[in-house]
There are 2 protein chains.
Amino acid sequence: MSDLLERLRGRGWRLTAQRRVVAEVLDGEHVHYTADEVHARASEHLPEISRATVYNTLGELVSLGEVLEVSTDGRAKRYDPNAHHDHQHLVCSRCGTIRDVHVHGDPLSALPEPERYGFQVSEVTVTYRGICPDCTSGS
Amino acid sequence: MSDLLERLRGRGWRLTAQRRVVAEVLDGEHVHYTADEVHARASEHLPEISRATVYNTLGELVSLGEVLEVSTDGRAKRYDPNAHHDHQHLVCSRCGTIRDVHVHGDPLSALPEPERYGFQVSEVTVTYRGICPDCTSGS
DNA sequence: TCTTGACTTGGACAATGTCCAATGTAGGAT
DNA sequence: ATCCTACATTGGACATTGTCCAAGTCAAGA
């Protein structure tokens, strides 16, 4: 993820403490935090960081294609740093946990031409829902 | 859709003017209104209907499986009365228009067993995104 | 080290949704 | 036809998530 910072600096990004901390929070596998969760975790390292900056930074990372925005429920959007590997999401209907998963074939090809209604279709997101092992056994 | 009202009455639903109007608004093909849009349209026929009632009624219809809740962007949820025919959604990235579409095969089968991580997967939603014909030519 | 334009901040505001106590009413009972 | 009452509705306060802006701050090139 520090590659990320380098890459962004190459694109003219000014490298501030705030942006560094946000990038650190997003480091790791299977990270799917909401903006406020990112803010909370970032605050542990940089207490004065403001919500506005976290929102701005996440928005920029999304625009730059470095982070994916995921809205599985109607609640807060979540941010997925795993933007460079094609994947889909598996969501627990009970606790909301998200896992990255990989599917067979290209979901785009499942949409026949006549079902495209003249749209220039460029993207497809697939979300699987079910009960995760913890929730199955737990309650 | 008036079948709907009958069906619900059979389930013990009390049939009020408000619920009737909400059901009427949701009548038709390719309807994907937000709660506030439903409220606006319902108000044309029953001016005193409150937002709370619209939200309540939509929530009940969703619980009863008569209407689907769709959240394609992080914005307002949309309500899709076409709950009894399996379908997916095609969304215009520019204007937000939604179309119901039908895909080849069962998207669930594209998720291999080892990619299920012990989840009891029961549902899959596929959302295609692109630019609709109006937006392509228009601007 | 200086300068400057990009970045950050806090707080007001907007959009969407939830909750609740008071009031109204659908539909069964009489 | 009328009454009862449990269920439904209402309006407004509140919660959550996100956006905007004017003023202050700072990274990084000169």
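Basis for what follows: all heavy atoms, side chains included, without hydrogens, waters or symmetry-related copies. All figures in this text were calculated on a predicted structure; none of them were measured in a lab. Residue numbers begin at 1 in each chain, while the letters A, B, ... track the order of the sequences.
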Check: What is the nucleic acid contact for B:R51, judged by heavy atoms within less than 4.0 Å: base, sugar-phosphate only, or nothing?
Finding: base
Next item on the list: Specify the residue among A:D36 and B:G12 whose closest nucleotide of DNA chain D lies further upstream toward the 5′ end.
Entry: B:G12
Check: Nearest to the side chain of A:A76, which nucleotide is it out of D:dA28, D:dT10, D:dG18?
Finding: D:dG18
Item checked: Distance, nearest 0.5 Å, that separates OG of A:S93 from OH of A:Y128 -> 14.5 Å
Next item on the list: Output yes when at least one side-chain N/O atom of A:R19 is less than 4.0 Å from OP1 or OP2 of D:dA27, else no.
Entry: no
Margin query: In this structure, how many angstroms lie between the P atom of C:dG28 and the CH2 atom of B:W13, rounded?
Written below: 16 Å
Margin query: Can you measure A:E37 atom CD to D:dT17 atom C1' for me and round it to whole angstrom units?
Written below: 13 Å
Notebook entry, point to check: Is there a side-chain polar atom (N or O) of B:T53 under 4.0 Å from OP1 or OP2 of D:dT10?
Noted result: yes
Note to self: Rounded to whole Å, how long is the line connecting atom CD of B:E48 with atom P of D:dT9?
What the structure shows: 12 Å
Margin query: Between B:Y55 and C:dT18, is there a contact of a side-chain N or O with OP1 or OP2 at under 4.0 Å?
Written below: no
Check: Atom CZ of B:R75 and atom C1' of C:dG17: how far apart are they, to the nearest Å?
Finding: 13 Å
Notebook entry, point to check: Do A:H89 and A:H87 make the cut of ring centroids closer than 6.0 angstrom?
Noted result: yes
Margin query: Taking side chain to side chain donor-acceptor pair (under 3.5 Å) as the criterion, tell me which of B:Q88, B:H32, B:H85 meets it with B:D100.
Written below: B:H32
Notebook entry, point to check: Just checking B:T16: base, sugar-phosphate only, or nothing, at a heavy-atom cut-off of under 4.0 Å?
Noted result: sugar-phosphate
Checklist line | Atom CG of B:D86: over 12 foreign heavy atoms under 6.0 Å | finding: no
Note to self: From CG of A:L8 over to C1' of C:dA6, roughly how many Å is that when rounded to an integer?
What the structure shows: 15 Å
Item checked: From CD (A:E44) to CZ (A:R41), nearest 0.5 Å -> 7.0 Å
Next item on the list: Establish, with yes or no, whether the OP1 or OP2 oxygen of D:dC26 is under 4.0 angstrom from a side-chain nitrogen or oxygen of A:Q18.
Entry: no
Next item on the list: Check the distance between D:dA8's P and B:R20's CZ and give it to me in whole angstrom.
Entry: 14 Å
Check: Nearest to the side chain of B:R14, which nucleotide is it out of D:dG18, D:dT10, C:dG24?
Finding: C:dG24
Check: So what does A:A52 hit on the nucleic acid, given a heavy-atom distance under 4.0 Å: a base, only sugar-phosphate, or nothing?
Finding: base
